Enquirer: 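Pasting a structure below so you can have a look.
Here the structure is a predicted model, which means the values were calculated and not measured. Along the sequence shown, the residues carry numbers beginning at 1. Heavy-atom basis, side chains included; hydrogens, waters and symmetry copies ignored.
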Amino acid sequence: MDLGDEWPRGFFDRADPGGDADFYAFPRFVTHIDDRAIHAVRELYDELGVPEGRVLDLMASWVSHLSRRPDGGLVVLGLNQAELAANALAERRVLHDLNDDARLPFQAAAFDTVTCCVSVDYLVRPGAVFREVARVLRPGGLVVVTFSNRCFPTKAIRGWLESDDEGHVEIVRQYLEDAGGFGAASAQLRTEGGAFGDPLYAVWARTVRTG
(Lines give C-alpha, C1' and ligand atoms only; values in the text may rest on other atoms or scores of the structure.)
Protein backbone atom coordinates (compact mmCIF):
# COMPACT_ATOMS: atom_id res chain seq x y z
CA MET A 1 0.00 0.00 0.00
CA ASP A 2 1.38 3.42 -0.90
CA LEU A 3 1.65 6.05 1.80
CA GLY A 4 -1.04 8.13 0.12
CA ASP A 5 -3.62 5.42 0.99
CA GLU A 6 -2.93 5.86 4.71
CA TRP A 7 -3.55 9.61 4.98
CA PRO A 8 -6.84 11.56 5.03
CA ARG A 9 -8.76 11.74 1.80
CA GLY A 10 -7.46 14.61 -0.34
CA PHE A 11 -4.27 15.09 1.73
CA PHE A 12 -2.08 14.88 -1.37
CA ASP A 13 -4.35 16.88 -3.67
CA ARG A 14 -3.03 20.09 -5.19
CA ALA A 15 -4.75 23.20 -6.51
CA ASP A 16 -2.82 22.76 -9.75
CA PRO A 17 -2.80 19.06 -10.65
CA GLY A 18 -1.07 19.72 -13.98
CA GLY A 19 2.31 18.29 -14.89
CA ASP A 20 5.22 19.57 -12.84
CA ALA A 21 7.51 19.49 -15.87
CA ASP A 22 5.33 22.17 -17.46
CA PHE A 23 5.20 24.29 -14.30
CA TYR A 24 8.98 24.23 -13.95
CA ALA A 25 9.74 24.54 -17.67
CA PHE A 26 11.14 28.06 -17.25
CA PRO A 27 14.15 28.50 -14.96
CA ARG A 28 13.77 30.36 -11.70
CA PHE A 29 17.17 31.41 -10.38
CA VAL A 30 15.94 32.16 -6.88
CA THR A 31 16.73 30.60 -3.51
CA HIS A 32 13.19 30.54 -1.98
CA ILE A 33 14.55 31.21 1.53
CA ASP A 34 16.53 34.14 2.92
CA ASP A 35 20.27 34.28 3.61
CA ARG A 36 19.89 33.45 7.29
CA ALA A 37 17.93 30.30 6.52
CA ILE A 38 20.39 29.35 3.78
CA HIS A 39 23.23 29.68 6.28
CA ALA A 40 21.29 27.43 8.67
CA VAL A 41 21.00 24.73 6.00
CA ARG A 42 24.71 24.93 5.21
CA GLU A 43 25.63 24.85 8.89
CA LEU A 44 23.45 21.81 9.54
CA TYR A 45 24.98 19.96 6.58
CA ASP A 46 28.45 20.65 7.99
CA GLU A 47 27.44 19.52 11.48
CA LEU A 48 26.10 16.25 10.09
CA GLY A 49 29.16 15.67 7.90
CA VAL A 50 27.23 15.81 4.64
CA PRO A 51 30.15 17.14 2.54
CA GLU A 52 32.33 14.20 3.62
CA GLY A 53 30.57 11.63 1.42
CA ARG A 54 28.70 11.16 -1.85
CA VAL A 55 25.53 13.26 -1.94
CA LEU A 56 22.27 13.17 -3.87
CA ASP A 57 20.28 16.42 -3.79
CA LEU A 58 16.60 15.74 -4.59
CA MET A 59 14.28 18.25 -6.28
CA ALA A 60 17.38 20.35 -6.76
CA SER A 61 18.05 23.63 -8.47
CA TRP A 62 20.99 25.90 -9.24
CA VAL A 63 22.34 25.90 -5.68
CA SER A 64 22.56 23.03 -3.18
CA HIS A 65 23.50 25.06 -0.06
CA LEU A 66 26.61 23.02 0.65
CA SER A 67 29.71 24.71 2.04
CA ARG A 68 31.91 22.88 -0.48
CA ARG A 69 31.86 20.18 -3.11
CA PRO A 70 31.31 16.82 -1.37
CA ASP A 71 34.32 14.52 -1.19
CA GLY A 72 32.41 11.75 -2.97
CA GLY A 73 30.74 14.05 -5.49
CA LEU A 74 27.33 15.66 -5.79
CA VAL A 75 24.45 14.43 -7.99
CA VAL A 76 21.53 16.83 -8.44
CA LEU A 77 18.09 15.64 -9.52
CA GLY A 78 15.45 18.14 -10.56
CA LEU A 79 13.03 19.42 -13.17
CA ASN A 80 14.78 22.26 -14.96
CA GLN A 81 17.84 21.61 -17.06
CA ALA A 82 19.09 25.21 -17.01
CA GLU A 83 18.91 25.39 -13.23
CA LEU A 84 20.72 22.08 -12.78
CA ALA A 85 23.37 23.10 -15.30
CA ALA A 86 24.10 26.22 -13.24
CA ASN A 87 24.77 24.20 -10.08
CA ALA A 88 28.53 24.71 -9.79
CA LEU A 89 29.09 21.97 -7.21
CA ALA A 90 27.39 19.17 -9.15
CA GLU A 91 29.31 16.51 -11.02
CA ARG A 92 26.18 14.89 -12.48
CA ARG A 93 22.77 16.32 -13.31
CA VAL A 94 19.61 14.22 -13.70
CA LEU A 95 16.34 15.54 -15.12
CA HIS A 96 13.60 13.56 -13.37
CA ASP A 97 10.06 14.21 -12.10
CA LEU A 98 9.48 12.36 -8.82
CA ASN A 99 5.75 13.04 -8.95
CA ASP A 100 5.59 11.27 -12.29
CA ASP A 101 8.00 8.45 -11.42
CA ALA A 102 9.03 7.95 -7.80
CA ARG A 103 11.81 5.55 -8.71
CA LEU A 104 15.32 6.96 -8.36
CA PRO A 105 17.52 6.08 -11.35
CA PHE A 106 20.47 4.92 -9.26
CA GLN A 107 21.85 1.65 -7.97
CA ALA A 108 21.25 0.56 -4.40
CA ALA A 109 23.62 1.88 -1.73
CA ALA A 110 25.02 4.54 -4.08
CA PHE A 111 25.04 7.54 -1.70
CA ASP A 112 26.11 8.49 1.80
CA THR A 113 23.56 11.31 2.09
CA VAL A 114 20.36 12.36 0.35
CA THR A 115 19.18 15.94 0.86
CA CYS A 116 15.87 17.62 0.05
CA CYS A 117 15.73 21.36 0.68
CA VAL A 118 12.45 23.33 0.71
CA SER A 119 10.72 20.91 -1.68
CA VAL A 120 9.23 18.08 0.37
CA ASP A 121 5.85 19.87 0.42
CA TYR A 122 5.39 19.20 -3.31
CA LEU A 123 5.63 15.40 -3.17
CA VAL A 124 2.38 13.59 -3.99
CA ARG A 125 3.81 10.09 -3.33
CA PRO A 126 6.28 10.67 -0.50
CA GLY A 127 6.11 7.09 0.74
CA ALA A 128 7.36 5.74 -2.55
CA VAL A 129 10.03 8.44 -2.82
CA PHE A 130 11.44 7.90 0.67
CA ARG A 131 11.46 4.14 0.21
CA GLU A 132 13.63 4.81 -2.80
CA VAL A 133 15.80 7.14 -0.73
CA ALA A 134 16.37 4.34 1.77
CA ARG A 135 17.28 2.00 -1.09
CA VAL A 136 19.93 4.27 -2.63
CA LEU A 137 21.53 5.13 0.71
CA ARG A 138 24.40 3.08 2.07
CA PRO A 139 23.95 1.33 5.44
CA GLY A 140 23.93 4.06 8.06
CA GLY A 141 23.37 6.65 5.35
CA LEU A 142 21.68 9.95 6.09
CA VAL A 143 18.57 11.68 4.73
CA VAL A 144 18.20 15.40 5.56
CA VAL A 145 14.93 17.21 4.83
CA THR A 146 14.81 20.99 5.39
CA PHE A 147 11.83 23.28 4.91
CA SER A 148 10.41 26.68 5.73
CA ASN A 149 7.00 28.30 5.40
CA ARG A 150 7.43 29.41 1.80
CA CYS A 151 6.14 27.50 -1.21
CA PHE A 152 4.35 27.67 -4.52
CA PRO A 153 0.87 27.21 -3.00
CA THR A 154 -0.75 25.84 -6.14
CA LYS A 155 1.81 23.02 -6.22
CA ALA A 156 2.08 22.22 -2.52
CA ILE A 157 -0.15 19.40 -1.29
CA ARG A 158 -3.33 20.28 0.58
CA GLY A 159 -2.27 18.56 3.79
CA TRP A 160 0.86 20.70 3.97
CA LEU A 161 -1.01 23.96 3.34
CA GLU A 162 -3.54 23.12 6.06
CA SER A 163 -0.83 22.37 8.68
CA ASP A 164 1.31 24.69 10.79
CA ASP A 165 5.09 24.54 11.17
CA GLU A 166 4.99 21.95 13.96
CA GLY A 167 2.57 19.93 11.87
CA HIS A 168 5.03 19.99 8.98
CA VAL A 169 7.70 18.48 11.22
CA GLU A 170 5.37 15.65 12.17
CA ILE A 171 4.37 15.08 8.54
CA VAL A 172 7.99 14.59 7.51
CA ARG A 173 8.68 12.36 10.52
CA GLN A 174 5.73 10.23 9.48
CA TYR A 175 6.90 10.06 5.88
CA LEU A 176 10.21 8.56 7.04
CA GLU A 177 8.60 6.21 9.54
CA ASP A 178 6.07 4.92 7.04
CA ALA A 179 8.67 4.52 4.28
CA GLY A 180 10.63 2.11 6.44
CA GLY A 181 14.36 1.51 6.48
CA PHE A 182 15.17 4.48 8.73
CA GLY A 183 15.91 4.75 12.41
CA ALA A 184 14.30 7.33 14.68
CA ALA A 185 14.20 10.78 13.10
CA SER A 186 15.64 13.91 14.69
CA ALA A 187 13.99 17.30 14.22
CA GLN A 188 15.12 20.82 14.97
CA LEU A 189 14.14 24.43 14.43
CA ARG A 190 17.38 25.86 13.06
CA THR A 191 16.27 29.48 12.68
CA GLU A 192 13.29 31.30 14.14
CA GLY A 193 10.89 32.96 11.75
CA GLY A 194 9.47 36.42 12.09
CA ALA A 195 8.46 39.56 10.27
CA PHE A 196 11.90 39.87 8.70
CA GLY A 197 13.12 36.30 8.46
CA ASP A 198 12.25 32.80 7.31
CA PRO A 199 12.07 29.91 9.77
CA LEU A 200 14.14 26.86 8.91
CA TYR A 201 13.15 23.40 10.14
CA ALA A 202 15.09 20.19 9.64
CA VAL A 203 14.24 16.51 9.99
CA TRP A 204 16.91 13.89 9.48
CA ALA A 205 17.42 10.16 9.99
CA ARG A 206 19.84 7.38 9.15
CA THR A 207 19.14 4.12 7.42
CA VAL A 208 19.06 1.13 9.71
CA ARG A 209 22.12 -1.08 9.45
CA THR A 210 21.32 -4.73 8.79
CA GLY A 211 23.40 -7.85 9.14
Enquirer: Got V145 and Y201 here, is their nearest side-chain heavy-atom distance under 4.5 Å?
Expert: no

Enquirer: Donor-acceptor pair, N80 side chain versus E83 backbone, under 3.5 Å?
Expert: yes

Enquirer: Keeping the roles fixed (side chain from N99, backbone from V124), state whether a donor-acceptor pair exists under 3.5 Å.
Expert: yes

Enquirer: What are the two closest heavy atoms between E192 and R36, and how far apart are they?
Expert: O-NH2, 2.5 Å

Enquirer: Is there a donor-acceptor pair under 3.5 Å between the side chain of R135 and the backbone N or O of L104?
Expert: yes

Enquirer: Are F147 and W160 near enough that their ring centres are under 6.0 Å apart?
Expert: yes

Enquirer: Could you tell me if the side chain of V76 sits less than 4.5 Å from the side chain of V94, heavy atoms only?
Expert: no

Enquirer: Measure the shortest side-chain to side-chain distance between D112 and L137 over non-hydrogen atoms and say whether it is less than 4.5 angstrom.
Expert: no

Enquirer: For the backbone of L84 and the side chain of R93, can you confirm whether one donor and one acceptor N or O come within less than 3.5 Å of each other?
Expert: yes

Enquirer: Ignoring hydrogens, what is the shortest heavy-atom contact between F182 and F130? Give both atom names and the distance.
Expert: CE1-O, 3.6 Å

Enquirer: Is it true that, when you exclude Q107 itself, more than 12 heavy atoms of the residues, nucleotides or ligands shown sit nearer than 6.0 Å to its CD?
Expert: no

Enquirer: May I ask whether V114 and L123 are part of the same hydrophobic cluster, defined by side-chain heavy atoms of I, L, V, M, F, W, Y residues being less than 4.5 angstrom apart, directly or through others?
Expert: yes

Enquirer: Check P153 against L161 and note the closest heavy-atom contact, atom names and distance.
Expert: O-CD1, 3.4 Å

Enquirer: Under 4.5 Å between any side-chain heavy atoms of V55 and F111, yes or no?
Expert: no

Enquirer: First locate atom CG of D100, then atom NE2 of H96, and finally report the distance between them rounded to the nearest 0.5 Å.
Expert: 7.5 Å

Enquirer: Where is the tightest heavy-atom contact between A205 and G183, given as atom of each residue plus distance?
Expert: CB-O, 3.9 Å

Enquirer: Does some side-chain heavy atom of M59 sit less than 4.5 Å from a side-chain heavy atom of L98?
Expert: yes

Enquirer: Can you tell if the side chain of R14 reaches within under 4.5 Å of the side chain of D20, non-hydrogen atoms only?
Expert: yes

Enquirer: Going by the rule side-chain hydrogen bond (donor to acceptor under 3.5 Å, both in side chains), which residues pair with D101 if we only count those two or more places apart in sequence or in a different chain?
Expert: R103

Enquirer: Give a yes or no on whether L74 and L79 share a hydrophobic cluster (residues Ile, Leu, Val, Met, Phe, Trp, Tyr; joining criterion: side-chain heavy atoms under 4.5 Å apart).
Expert: no

Enquirer: Please confirm whether the ring centroid of Y45 lies under 6.0 Å from the ring centroid of W204.
Expert: no

Enquirer: Report whether L48 and V75 are members of the same hydrophobic cluster (ILVMFWY, side-chain heavy atoms less than 4.5 Å apart, transitive linking).
Expert: no

Enquirer: For D16, give me all partners under side-chain contact (heavy atoms from CB on, under 4.5 Å), at least two apart in sequence or on another chain.
Expert: F23, T154, K155

Enquirer: State, to 0.1 Å, how close F106 and L77 come at their nearest heavy-atom pair, and which atoms those are.
Expert: CE1-CD1, 4.0 Å

Enquirer: Are the side chain of R69 and the backbone N or O of A90 linked by a donor-acceptor pair below 3.5 Å?
Expert: no

Enquirer: Determine whether a donor-acceptor pair (N or O, by modelled atom type, separation under 3.5 Å) exists between the side chain of R138 and the backbone of T207.
Expert: no

Enquirer: So which heavy atom on A156 is nearest to which on C151, and how close?
Expert: CB-SG, 4.0 Å

Enquirer: How many angstroms lie between CD1 in I33 and CD1 in I38, if you round to the nearest 0.5 Å?
Expert: 5.0 Å

Enquirer: With sequence neighbours left out, write down each residue that passes side-chain contact (heavy atoms from CB on, under 4.5 Å) with E91, or none if nothing qualifies.
Expert: R54

Enquirer: Going by atom types only, do N87 and S61 share a side-chain donor-acceptor pair under 3.5 Å?
Expert: no

Enquirer: Listed by chain and number, what are the salt bridge (charged side-chain N to carboxylate O under 4.0 Å, His left out) partners of R206, not counting sequence neighbours?
Expert: none

Enquirer: May I have the step-by-step check of side-chain contact (heavy atoms from CB on, under 4.5 Å) for D121 and I157, ending in yes or no?
Expert: CA-CA 6 Å; D121 42 322; I157 61 168; 5.6 Å; no

Enquirer: Between S163 and I171, is any pair of side-chain heavy atoms under 4.5 Å apart?
Expert: yes

Enquirer: Is T191 reaching over with its side chain to a backbone N or O of L200, donor-acceptor style, under 3.5 angstrom?
Expert: yes

Enquirer: Which of these passes side chain to side chain contact (heavy atoms under 4.5 Å, CB included) with V169: L189, V203, D164?
Expert: V203

Enquirer: Which pairs with one or both residues in residues 139-153 pass side chain to side chain donor-acceptor pair (under 3.5 Å), sequence neighbours excluded?
Expert: R150-D198

Enquirer: Which residues pass the side-chain hydrogen bond (donor to acceptor under 3.5 Å, both in side chains) test with Q188, sequence neighbours left out?
Expert: R190

